[in-house]
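Sequence lines set the chain letters: A, B, ... in the order given, protein chains first and strands last, and positions in each chain run from 1.
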Amino acid sequence: MLQFTLRRLFETFLLLVLLSLGVFALFSLIPGDFLSEMQLNPSMSPGTIDQLRQDYGIDRPFYVQYLLWLKQLLSGNFGYSFAQQRPAFDLIAERFSNTLLITLLAFAIIMLLALPVGVYSALRAGGWQDHLLGALSLFLFSVPTVVWALLILMAAFHGGWFTSAFSETAEYFLPVVTLALPGAALVARVLRRQLLETLALPFMKALAAKGLSRRRVLTHAVRHALNPVISLTGSIFAALLSGAVVVEKIFSWPGIGALTVDSIFARDLYIVLNCVLLVGLLTVAANFLADVALAWNDPRIRY
Amino acid sequence: MHGFFKKLNIRTAFLICLAAGFLNRGVFLCAQKEPPPSSPETLKLNTQGRFGGTLSYALPGEPATFNPLAARENRSRLVAYLTSATLLELDTRTQRPLPGLAKSWTRSPDGKSVRLKLRQVLFSDGSRFTSKDVVFTFEKIYQEDSRNAFKDSLLIEGKPVQIRVLGPWEVEIIFPKPYAASEYILTTIPILPGERFPDSKRRIEESWNLSTSPDEISGLGPFAIANHEPGKRTLLRRNIHYWKTDRNGRRLPYLDEIRLEYLEDRNAQMVRFQSGQLEIIDQSLRPEDFLTIKSAPGNFRVSNAGPSSNLTLFWFNQSTGTNPETGTGYVPLEKQKWFSNPAFRRAVSHAISRDSIVQNVYFGQARPAWSLVPSSITSWHTNELPRYEFDVRRARELLRKVGFSWRNRGGRERLVDSAGKEVSFDLVTRSDDLMAKTATIIQEDLSKIGMEVRIRQEELRALISRVMNSRQYDAALMNVDIPVDPADHVNLLLSSAPMHMWNPGQARPATPWEQRIDELMNRQRVVLNPGERFRLYKEVQQVLAEQTPVIPLVNRDVVVAHSPRVKNLAVSTIFPFALWNVWELYLECGVPPPK
Amino acid sequence: MIRLRAGLLIVSLLLVLAAAAPLIAPYHPARQFRDFAYVAPVRPHFRDRKGDWHWRPFIYQEELSSVILPAARQGRAKKFPLYFFVRGETYQWFGWNWNVHLFGLQQEGFPLPLMGTDGLGRDLLSRTLYGARVSLTIGIVGVLLALAMGLTLGAAAGFWGGWLDAVIMRTADLFFSLPGVFILLALRALFPPRLSDQSYAVLALLLALVGWPVVARVVRGQVLSLKTLEYVTAARACGASSWRILRIHILPFLIGTLAVQATVLAPAFILGEVTLSFLGLGIQEPQASWGNLLASAASLSALTHFYWLLYPGLLLVATTLSFHLLGERSEQWQSRAPWW
């Protein structure tokens, strides 16, 4: 386990180095920089804009910028936001909790919704309930997040969901539901299939022959069928972060997804850099936790 | 019995909490609060209304800073407008200066200095405003490492202005040269509190950022920052020391609070507006939202305040120099010949249907534009210009006269120049829906006179960098905000200016008419008589219309949607639109919020 | 099995529609009828107002009224009959010039908006059909590219192992550890926007760059287990080259896996184009794709007043749904698809 953790840590470190270098390189390739927009302001002189370019260091080649950033990093400075003139870290910290909130809530909803539905449709396999749920989940999964978000917003608009007491709740609820629906559909389908396969395994018969109650047998089966679901959680989390970009934009939710997109458009280098690193780190952590959870659920798995 | 009471209590408590929640929102209750007493130095306005209430206003995102000197984009500029004040104020309808922090002022006959008598008023934190604060503000602007827009507009031909303190409430501002826009420039500079502003070693742009605690920030504006929730909203509370009063001598503003809601997405704004959580939407209203608000239940008002200062401009790249990177011209030689021909440009102007853009893109909430000065800038705009009305036959005639002809290829009619080259070019524009539609209309219209237009959409910064720096484009379509005063147009119109869109940064004027514009622009900077200045500027507009280096297409209207509760609204067509008289706005009582 | 067949049927139907788009579409997708902006979908009638039946379907002129423009003044009750195989605009199809359209009006200057029109009066049905070409091409070309890249890299990593394996799989991890949209945004920024005419090729490439690690992982796993099988060892003992072993003894067994991957990636890629268009980075005007058609519907006001703008979305959902039906039997892989 220790060796596994250490190897993971090393890989993560390598990943972060590559990612950060990539961001710097990409930024040097994209035309325009943060200050381009100021060139449209007739009261800014080109001299001032050039001075600002020097202040921000964006007139230098990207590898120089990268090395300078690494040097700064040693003193605990993650870089500065050009737009807001304050440490990028502050800005991201303000937004990060928002993203974490909706992704974790969405994750909880996915699990709460998908586990019972998956088990239920496996038990009713072939019945009309199973067909209905199957069709529904397939549909949920086939509609792009963008369209979901729009339809939900539309319902909120015509249903007046934002009025009075409900508005605070609606503020989170809508993005979370939009994020959770396709994920829940996916997990329910995977669980259903796995459970059906598990129920067909010989050890199920053995358990039943031993005289265990139907309920106990089912518990064993679900635990066995959960393995692939658990190993999925890492990529579900990555997908939620991906989905959060669009959802945050549509619902004006101040999270890091929307921040990243806006900062890419605004060429706010250090914000993009830190957001990308943070998201990379989060996904690695989620995958790691998924592996640990797998080892806990399935005693056969050891690292 | 005991349990019953306990239950009841909980219920009562809940109801009280609920009621408190409503009171907090200022939705139902409109208690008239006793306004703070006024002092003799305040400015009395002929206005009346009710005190109290919170107005919610949507911004498309967080401002970048709370520092008025560092404000570079409209969101920060709006916060600066609400929290700070200027020596003189601008009447947005006539573009004339009005008294602000200065009670009165006189300009010396030679136009080189302005003497101002200041009001004896207080900052929002209760400290005194004196001429020291004016001196401090100018020092900060000129500070060596400062990089703000004010510094550039306050360097008159490279030289700073001088401030002479004549008394604790009197200053003289001395310009290095006679300067026509001296009063206008004073309407733009926010005055900082000399004692409270952090005078650290850091650059001033870093002070008063979004992490700064609100009680460290003070100003002379109608409101002061009370609370900031990152990315979500900022609450501004009334400045109890504000220096304007209503006609009964009660201190303004009427509103207790303004809540700036940061809603990037327009759909989210519409949902909030519909449910009564936003009182006003102005700059971000899309043409189709107009329909929705008109048909929505809830008695919303939509009004068209007239033309804005935003123009949709189309121009050809007329750069004559060579690209230092490639060593060749910015534009291929044959294209340069077309683009530098005024008849070609006039023909293009005739061939584009501005009415289609107004109708199909803006649903009628715009108007055709003929001048580089939008008609909202009433004191400088002129109507006496040649108009290139939509007329395909006239366009063809113009082209035929200068040697173009048509031939048929692949079932389509193609325009060819005298050298037999087919006319086709790239049109770069911003990747947004309105610009894409406009570009598509241009493409279709120009195909009727045989030109082939290929549309390239780019995201804003890449587009600017292409048009201003690398200049690798044939034609551009952009939305440009035109500043109020010709003093700020200098960077746009002088042939040596970096923003001289069609051919920036010329060492020497490339054409005689550009030279004429340079002369006129330099003259209007120093002429003090407004009538004379207008005449000069009119000629600039006439030369531009004649030569059409830039083809103005449409001028968007300012459309404002607001709840019927908002009173005293007098929307300005230039920034800051609905909030320009924010001190006079009030919320009517007894009108329930829409369901 | 029924679902599989249904999926297959819909996918092939869509492919036929896309291929025959110029013939079926009554107009060129960029053709503007500016006076008929935002006309709601019209339904051809067989029975007129007086109650008489007609063999030839027709529409009333007044039905062509724009939501935003003042209504037409004359010809309110005028009938415009529909004709089949009418002559109209010239278009190129399979290298030939054609001017026959499956159906249309004889009146010049009037649209036949069976699916409504957009803000410039362009026929939405024509745009959706042409858009299907773009979106499906992106999906299919993207998948082929992703499969090719994934197969090559995955097989190489699995077969030769060692440092090659390490490099390839760590790169794949790099792509896995970042959400797909982030990679797309970064990569999209790399390509100059000048490519607009070929931008769908670029988009396909971008999507393939995001999708290949999915394929590579699966292929590598399969190759790892296949290469330990006895007949492979036997082939090696007979002196077969690595290349020959890969080609003859391993690749044929991967075809099933690749097919499954294709059904998973295709809908993900089609949705990826929608997401990019929504963020303003997809296919550009005046070209139509399902993504930019949907992006233009992405406003509450548009949806409230011009609900038909969402119709291309229905076709999109039908497409992704049918691909999912095709891939349903091997669902465990779906987990690894880039998902937005």
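Atom OG of Ser142(A) sits about 7.5 Å away from atom CG of Leu325(C), to the nearest 0.5 Å.
The list of side chain to side chain donor-acceptor pair (under 3.5 Å) pairs with a residue in residues 263-275 of chain A, not counting sequence neighbours, reads Ser81(A)-Asp268(A), Arg267(A)-Glu459(B).
No part of Ser322(C) comes within reach of chain A, as not one of its non-hydrogen atoms sits under 4.5 angstrom from that chain. Proximity to chain C is absent for every atom of Phe237(A), based on heavy atoms less than 4.5 angstrom apart. With a 4.5 Å cut-off on non-hydrogen atoms, Leu151(A) touches chain C through its side chain but not through its backbone.
In this structure Ser20(A) satisfies the side chain to side chain contact (heavy atoms under 4.5 Å, CB included) test together with Tyr66(A), Trp69(A), Leu273(A), Leu277(A), sequence neighbours excluded.
Listed options Leu316(C), Val274(C), Leu303(C) were ranked by heavy-atom pairs under 4.5 angstrom with chain A; first place goes to Leu303(C).
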